[in-house]
There are 2 protein chains.
Amino acid sequence: MVVIGGGFAGLWAVRALRELNVEIILIDRHNHHVFQPLLYQVATAGLAAPSIAAPLRHILRAQRNVTVLLGEVTGINLVQREVSMGDRTLGYDYLLVAAGAGHSYFGHDEWQTHAPGLKTLDDALQIRRRILTAFEFAEAEPDAVKQQQWLNFVVIGAGPTGVELAGTLSEIARHTLKREFRRIDPRHARITLIEAGPRVLAAFPPSLSARAQQQLEKLGVEVRTDCAVTAVNEGWLEAADQRIEARTILWAAGVKASSLGALLGAPLDRAGRVRVQPDLSIAGHPEVFVAGDLASVTADGRPVPGVAPAAKQMGAHVARMIRARFEGQPMLPFHYRDFGSLATIGRKAAVVDMAGFRLWGTGAWLLWLTAHIWFLIGFRNRLIVFIDWAWAYFSYQRSARIVID
Amino acid sequence: MVVIGGGFAGLWAVRALRELNVEIILIDRHNHHVFQPLLYQVATAGLAAPSIAAPLRHILRAQRNVTVLLGEVTGINLVQREVSMGDRTLGYDYLLVAAGAGHSYFGHDEWQTHAPGLKTLDDALQIRRRILTAFEFAEAEPDAVKQQQWLNFVVIGAGPTGVELAGTLSEIARHTLKREFRRIDPRHARITLIEAGPRVLAAFPPSLSARAQQQLEKLGVEVRTDCAVTAVNEGWLEAADQRIEARTILWAAGVKASSLGALLGAPLDRAGRVRVQPDLSIAGHPEVFVAGDLASVTADGRPVPGVAPAAKQMGAHVARMIRARFEGQPMLPFHYRDFGSLATIGRKAAVVDMAGFRLWGTGAWLLWLTAHIWFLIGFRNRLIVFIDWAWAYFSYQRSARIVID
């Protein structure tokens, strides 16, 4: 069996197959699994990159039926049942494609240079570098107008990542950097969160969206909804016919599935995700499964969201289906169990929606903290993140304010 | 006053001038101060980069007479008393040049691509990437001969950094990666430490050099002394007329002072270091000081070594001389207070030489650990490094095994 991608879907599938007598090859472009929900913390210098990642082969060291390979899949041959990595080919009986998603710039790929998105640790370190150096350039800039342009930050897209980035940026400007500059006042930083839709955190109930927006505004973030971006360039963007000058523009708006999905011959949705059968296999190829952000799934009549719990559940479902094949059992449709949604905004500010139970403010924030430490892989990472956060809470400091080229 | 470089010399000078009524501008190419003695731990995936670094402006936030500027010094005009950074110039009354040192390849700069050295966090992350991916390439390589080439590691230069790198590489191969690969046995890695001189750790007494070599060999490192490297290339090197095939070659041999030293018009030594007056100023320019690895100093008849304690002491001395100028006091020569030397080799293996008192093995290692945690800047970094090390000790694991492009 070949598994492409060591994210939540791929890793959870592999782990669930530990008892099965099957030889698994797990291929990933990186040597590590990343805990994506905390990527924004690395991007905003709150955590070191190694704190939210663990080497795949270390996680799977005791699972003797798995071989981890670092590399890039360049082709999939469904007829010959082979995956190619450059000039090397690997045969498979079962294939799970869980290659995830990147950013969509809605047909404007030229915006990417000016407004990087956040999907990998590389992205996170690039964004961290941009944020930290913006304040440095402002300090070095003698011209007041240009200085303010370095202090203007725009986040495009008010989903969970956009809200987290905007809220944390505001905390950095107002608290973390306080008293550290001599020529600028970091509190003059202007953080604007732009959303094309009518409200922030559209996946939450409207009442929590309103709470989230209140909390963002209390932190000093300027929220603009119903505001579509029409141009992004070096140092400025245009949204709702207005030009905004900002040296740091971050993209948290669109998702585009991995291009590996197109190699499967199955129908794709608008975001490039593979429309799978109810059991997560693809039509005509019961031995090929797709899971995670690359899969377009409707379960129980509702689209399954592109979040970590859904990816884990899909991975586990694929493992169950493969075990069922071995045992001659019938295929079953995937059911998504929605445990609710959490999104954080900043210090003591978050929203939680769990089975009708709604929470915001400090209580929601504590729940968010606990859940995220709980789900991190590895005892050491949990402890280090806990310490970093405790330290950040009392000191208002961020522990990874390091610019590396 | 302008200070170039926020390493030990520059930072210690700036901090010692906190009470003086002088406006200080501290210029550095990076936004952070690095605790250089632990760079090899970042390079060998034992610590995350932010654990051994702290933002300069955070360290100096409360010192109101300092402005920190991120940037590169491009010129120094001793006559007009100006430092230039691109098209910007800064005047000074006093200048401290503490720009440190990089690597010397002894006239073979083309070796650098094949054998990177370790002076900055960027270097450390590059070396970490090379080490970790070498094992990955070995796992993916079907040809046995090529596979072994990926498992061959050579460290050139058996000073403290070379010894630390070689010892830790051996631990990674023998312990950290044990059981994680399916096609290779990481214990088949061959680690060779090459030294042109007659013994390892030449700055220590011969008896401790012998102890260090014993400890290295016990860890599985092949030590070759009196072995000069004559060629370094992609995948192989030549030393003492022998060709060694190795995909990972690390350089810990030569030091070359920053090129800023040449702008001062003062005589340089062979390594490009500035020969300073006894008070650390340069001849004919009592307002210009040089300190740290860039300074070639003889104190009490002996050359001062390029180590962290010497750099700190020089920085503090420059601060004292500037205060003396303000108070009309005479200039004094720099005295180096040698507190002794420590070098670590690996788990429970180190050597210590302090005022005739010599120690090796577990005791020396514990002393090394304590000293290095003690001298780290910042309470949080100390705690995190302590936890990382405690965890590494019991688990044989390394917490930062993350490859980032």
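Protein chains get the first letters and strands the later ones, always in sequence-line order, with residue 1 at the start of each.
- Residue B:L383 holds its CG atom at 7.5 Å from CD1 of A:I384, rounded to the nearest 0.5 Å.
- The OG1 atom of B:T133 sits 9.0 Å away from the CG atom of A:N31 when rounded to the nearest 0.5 Å.
- For A:L177, no part lies under 4.5 angstrom from a heavy atom of chain B.
- Proximity to chain B (any heavy atom under 4.5 Å) is shown, for A:L70, by both the backbone and the side chain.
- Both the backbone and the side chain of A:R64 come within less than 4.5 Å of a heavy atom in chain B.
- Residues of residues 137-153 of chain A having a heavy atom under 4.5 Å from any heavy atom of chain B, listed by number: A:E139, A:A140.
- For residues 36-52 of chain B, the interface with chain A (any heavy-atom pair closer than 4.5 Å) comprises B:A48, B:A49, B:P50, sorted by residue number.
- Highest contact tally toward chain A, considering only B:T67, B:L69, B:L132, is held by B:T67 [criterion: heavy-atom pairs under 4.5 Å].
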For residues 53-60 of chain A, run the donor-acceptor check on the side chains, cut-off 3.5 Å, and write out each pair with its distance to 0.1 Å, sequence neighbours left out.
residue : atom : partner : partner atom : Å
A:R57   : NE   : B:E136  : OE2          : 2.9
A:R57   : NH1  : B:E180  : O            : 3.3
A:R57   : NH2  : A:V68   : O            : 2.9
A:R57   : NH2  : B:E136  : OE1          : 2.6
A:H58   : ND1  : B:E180  : OE2          : 2.6

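- The ring pair (Phe, Tyr, Trp, His ring centres under 6.0 Å) search around B:H103 returns none, not counting sequence neighbours.
- Other residues, nucleotides and ligands contribute over 12 non-hydrogen atoms within 6.0 Å of the CZ atom of A:R88.
- Proximity of a side-chain donor or acceptor of B:R182 to a complementary backbone N or O of A:V66 within less than 3.5 Å is detected.
- No more than 12 heavy atoms of other residues, nucleotides or ligands sit less than 6.0 Å from atom CZ of B:R187.
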